[in-house]
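Comments concern the structure below.
Fair warning: this is a prediction, and the values are worked out from it, not measured in the lab. Index from 1, following the sequence. FYI, side chains are in, hydrogens and waters are out, and symmetry mates aren't considered; it's all heavy atoms of this structure.
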Amino acid sequence: MGRMLRSASALLAPAVLFVVVATSSTPPQSPSEGPIATMGHGAAFGPDGERLPLTPDFLAKALAHYRDGLLSVARDDQRARFEERRALLFDGADWDLPSSLYAEAVLLEWLARELRPLDSGATRGRAVLMRSAIREPDGAPFRPPEGLLARIRGTAADPIPFVEHDGLFDADGNEIEATPEFVEFAQNLYLGVLGAQASEIERARLEHKRDNVFRDADWDPVDRLLAVGALVDWFIDEVNPLDADAMRRKNDLLREALVPDPGSHALPPELEERLSAEELDTTYVTLQVARARYVERCRAAGVPIPPDWGTSAWGTSRGRLTVDFLFQNDPGARVFVYKSTEPEGVCFALPRGEEVISALGIICLGKASSNACFWDNQDETGQAFYIDLDEQVPLAWFAAGPELEGGAGGVCVDCHAGENPFIIHPGTSLGRPVLDDVPLMPDDWHKPLVHPSWPKYEPSTLLDGVESASKCTTCHSRGEEGGRLPSVSGSRNPDWCEKILLEALLQTMPEDAVGDPSYRAHVAALAKACGNFPKIGFDRTVIDFGDVELGESRTESFTISNSGDAEMGVSVRDETLDRIPLLGPAPHWDLELGDHTINRRTSRRAPQVFRPTALGRQNAYVLVVSDDPLNPRQSVLLTGRGVQLRPENVLSALEMAALGIGVLAGLRAFYGLRRRRRSVP
């Protein structure tokens, strides 16, 4: 047996393609608001930054939301094409829930490529993430049934059922030897599958291009197959099948098998001229070659190149990431460091997972060049592949740089946006002093080598003119340990505002004095610029319960409000012992304590009960700890007075005796009347 498959089949999902349509060149704006606001390291987060549980019910609702949103801006012919493909997958089939979700995710990817909305990459990334979240009943990654795969690829038998990284595999997991004869067979089959799904006009255009490339020419067998591969590439773009991404990847690997080193083979000038005239690819750049070229681009840009994962060059883990802005209930990623002296720089790898690694991002920084490069454990479909803890994995298996666009990992630079590309947590394994031996800061503002559609952030000057007792810019300025902050805007980079800035202010900043009120003016300026922080408020912070008789109780409430634009967590605690040590926990109060979540623009009542057991003034203190970085701690004073029963509520002994005699006389009269009635004949 050859190498067995460990990651999901590349056959399963389309990815980055651009379809030519006869319409306006302006892409439609699809409704981007939805349940998955952002993505990062293979996880999904909601509008308020909360990590989303990707349950089957959630996936079904989210897929329907994004599908319906795209269809609402589609043309009639695009909706008709969608219905045709939906019928291909579902008509006459009785799929179980995982298979149905998988098919819906494939359709969503296809629709995003077909319409090419402004947020096409983000929508494709969501579809890939949701597809990869589908699980078997035992929790293993879902493998769709062969019947569904056959419908996705157009019902024809596929000569290459699976691909893994740089290999072609048959249905039994054996690696396929891609001889020229096999390449020709596979290319012709894919052209036939595409032709069956194409319109008459598309088929006619293919024949026109094929005739112009091959008419009156006798090309060398390898050159001829490379030219056919260029036609397959073009036809994939033209037809946009459901499995476009997988078919393109297989076509790349077939051409790579013909010419393992493209630099060693030049097309005949006349063939290259004919291909160019028909707007066909003349470079036959495969994914493997593109990744190798990215490595060379990074090396030329003065960026260290990370070693293969799992080799001794990474050393041992520096420890667990105990402060984690994305996965706060996670055991914590392990921190691995690769130091480079030529060029001077550093690479960080943060593998996540206990039994297997499910997420592994790598970022490398060149100190002198200030350039940064990115890798992630995504396969050719954009979803994560899993790595055994002791497994060695070639760097060539990792998606890199521009290839990360549209993948399940999200847009890396939305969070990694500051002076350096890292997110450092002081006092942890990913911060000082543990990392005193590595260069964390570049000589200038870092420049990420990523997809051109990804945003570029500049240094912020927001705090330069803001007076504050203590200043964030003491550390966060050029040449200082913290580096400059990126330009802040809630509309431009909400990820950085919600996941990085807000979480830092609540957990790590300022260093050794989290929540220090002397930084209030600077924190307020940042919060205002972001515009999406929680903002706590109280209807009152002193509650006087007045006089309450011993043995009685009175309930009063205070209201906690969130007038901000982000979800707010609050924790209500008994602070009486801290305020009045000799008293202990509030003995005369029934306090409603606990943790709560208050959505944006909403409020919550917090009822408290005074039940005095002693005379005199009684006080209690309730502490409210919140996610509002400006007011993270607020005390509420509860006060009341225990009093004796009032005289008017106490009956004298004579009154009690008189009351008793009256009741007894009434009872005697009542029962005497009943006896007399019974004696009447």
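Ion pairing between a basic and an acidic side chain is recognised when a charged N comes within 4.0 Å of a carboxylate O; D233 and R255 show such pairing. With salt bridges taken as basic N to acidic carboxylate O contacts below 4.0 Å, one links D237 and R248. Between E296 and R299, at least one side-chain N (NZ, or NE/NH1/NH2) sits under 4.0 Å from a carboxylate O, which counts as a salt bridge. Between E84 and R81 no salt bridge is recorded (no basic side-chain N to carboxylate O distance below 4.0 Å). Between R143 and E136 there is no salt bridge, since no side-chain nitrogen of the basic residue lies less than 4.0 Å from a carboxylate oxygen of the acidic one. Ion pairing of R274 with E270 is present here, as a side-chain N (NZ or NE/NH1/NH2) and a carboxylate O approach within less than 4.0 Å. The existence of a salt bridge linking D245 and K250 is excluded, since no basic side-chain nitrogen approaches an acidic carboxylate oxygen closer than 4.0 Å. Residues E279 and K209 are not paired through a salt bridge, judged by the lack of any N-O separation under 4.0 Å between the basic side chain and the carboxylate.
Side chains of L168 and L254 form a contact here, defined as non-hydrogen atoms less than 4.5 Å apart. F374 is listed as a side-chain neighbour of L404, based on a closest heavy-atom distance under 4.5 Å. Between L225 and Q187 there is a side-chain heavy-atom pair separated by less than 4.5 Å. Under the 4.5 Å side-chain criterion, counting only non-hydrogen atoms from C-beta, V356 is not in contact with L389. Residues V213 and L271 have side chains in contact (heavy-atom distance under 4.5 Å, counting atoms from C-beta outward). Using a 4.5 Å heavy-atom cutoff, the side chains of R297 and L449 are in contact. Within the 4.5 Å cutoff, side-chain heavy atoms of C347 are placed close to those of W314. For the pair P455/V413, a side-chain contact is recorded, criterion being any heavy-atom separation below 4.5 Å from C-beta on.
Here the closest heavy-atom approach between residue S340 and residue P304 is recorded as CB-CB, 3.6 Å. Counting all heavy atoms, side chain and backbone alike, E104 lies closest to L63 at CB-CD1, 3.9 Å. Here the closest heavy-atom approach between residue V239 and residue A198 is recorded as CG2-CB, 3.7 Å. Closest of all the heavy-atom pairs between L70 and P117 is CD2-CG, 3.8 Å. Between P306 and L395 the shortest heavy-atom distance is O-CD2, 3.6 Å. Of all the heavy atoms in Y338 and A313, the pair that sits closest is CD1-O, 3.7 Å.
Rounded to the nearest 0.5 angstrom, L365 CG and H416 NE2 are separated by 12.5 Å. Distance CG/D77 to CD/E114: 7.5 Å, rounded to 0.5 Å. Here the OG-CG distance, from S100 to D94, works out to 8.0 Å after rounding to the nearest 0.5 Å. In this structure, CG in L275 is found 7.5 Å from CG in L231, a value given to the nearest 0.5 Å. Taken to the nearest 0.5 Å, the CE atom of M247 stands 12.5 Å off from the CG atom of D252. Note that CG of L350 is 8.5 Å distant from CG of L360, once rounded to the nearest 0.5 Å.
Checked by atom type and distance alone, the side chain of D495 never pairs as donor or acceptor with a backbone atom of C415 at under 3.5 Å. Not one N or O on the side chain of K339 forms a donor-acceptor pair closer than 3.5 Å with the backbone of E344. Formation of a donor-acceptor pair under 3.5 Å by the Q78 side chain with backbone atoms of R75 is found in this model. Using modelled atom types, no side-chain atom of W234 and backbone atom of G229 make a donor-acceptor pair closer than 3.5 Å. The backbone N or O of R79 lies less than 3.5 Å from no partner atom in the side chain of D76, so there is not a single donor-acceptor pair. Between the D96 side chain and the S99 main chain, a donor and an acceptor come within less than 3.5 Å of each other. Side chain of N371 to backbone of V303: no donor-acceptor contact under 3.5 angstrom is found. At distances below 3.5 Å, not a single donor-acceptor pair connects side-chain atoms of D170 with backbone N or O atoms of I176. In this structure, R131 contributes its side chain and A105 its backbone to no donor-acceptor pair below 3.5 Å. A distance-only check finds a donor-acceptor pair linking the side chain of W95 to the backbone of L89 [under 3.5 Å].
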Kindly indicate, with the supporting measurements, whether the criterion side chain to side chain contact (heavy atoms under 4.5 Å, CB included) is fulfilled by R67 and L107.
CA-CA 8 Å; R67 177 200 65 211; L107 283 168; over 6 Å; no

Passes side chain to side chain contact (heavy atoms under 4.5 Å, CB included), I36 versus M130? Steps please.
CA-CA 10 Å; I36 300 178; M130 288 188 281; 4.0 Å; yes

Does the side chain to side chain contact (heavy atoms under 4.5 Å, CB included) test come out yes or no for Q197 and E202, once each step is laid out?
CA-CA 10 Å; Q197 301 178 49; E202 289 167 338; over 6 Å; no

Y457 and D414: side-chain hydrogen bond (donor to acceptor under 3.5 Å, both in side chains), yes or no, with the steps?
CA-CA 9 Å; Y457 296 110; D414 277 349; 2.8 Å; yes

Take W397 and W309, measure what side chain to side chain contact (heavy atoms under 4.5 Å, CB included) needs, and give me the verdict at the end.
CA-CA 10 Å; W397 287 14; W309 173 251; over 6 Å; no

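C298-C373 SG separation is under 2.5 Å; the pair is scored as a disulfide.
Evaluated for a side-chain hydrogen bond (donor to acceptor under 3.5 Å, both in side chains) with E403, the options R291, H451, Q378 yield exactly one hit, R291.
Legend: residues meeting salt bridge (Lys or Arg N to Asp or Glu O under 4.0 Å) with E146, ordered by chain and number and at least two apart, are R153. Partners of W375 by ring-ring contact (aromatic ring centres under 6.0 Å, His included), not counting sequence neighbours, listed by chain and number: Y294.
Judged by distance alone, the side chains of D308 and T311 never bring a donor and an acceptor atom under 3.5 Å apart. A side-chain N or O of Y190 and one of D158 form a donor-acceptor pair less than 3.5 Å apart. In this structure, a donor-acceptor pair under 3.5 Å is present between the side chains of D223 and H265.
For D138, the CG atom is densely surrounded, since the number of other residues' heavy atoms within 6.0 Å is greater than 12. Within 6.0 Å of CD in E273 there are 12 or fewer heavy atoms belonging to other residues, nucleotides or ligands.
The distance between the ring centers of F348 and F336 does not fall below 6.0 angstrom.
Between W110 and F82, the ring planes are tilted. Angles from 30° to 60° get that label.
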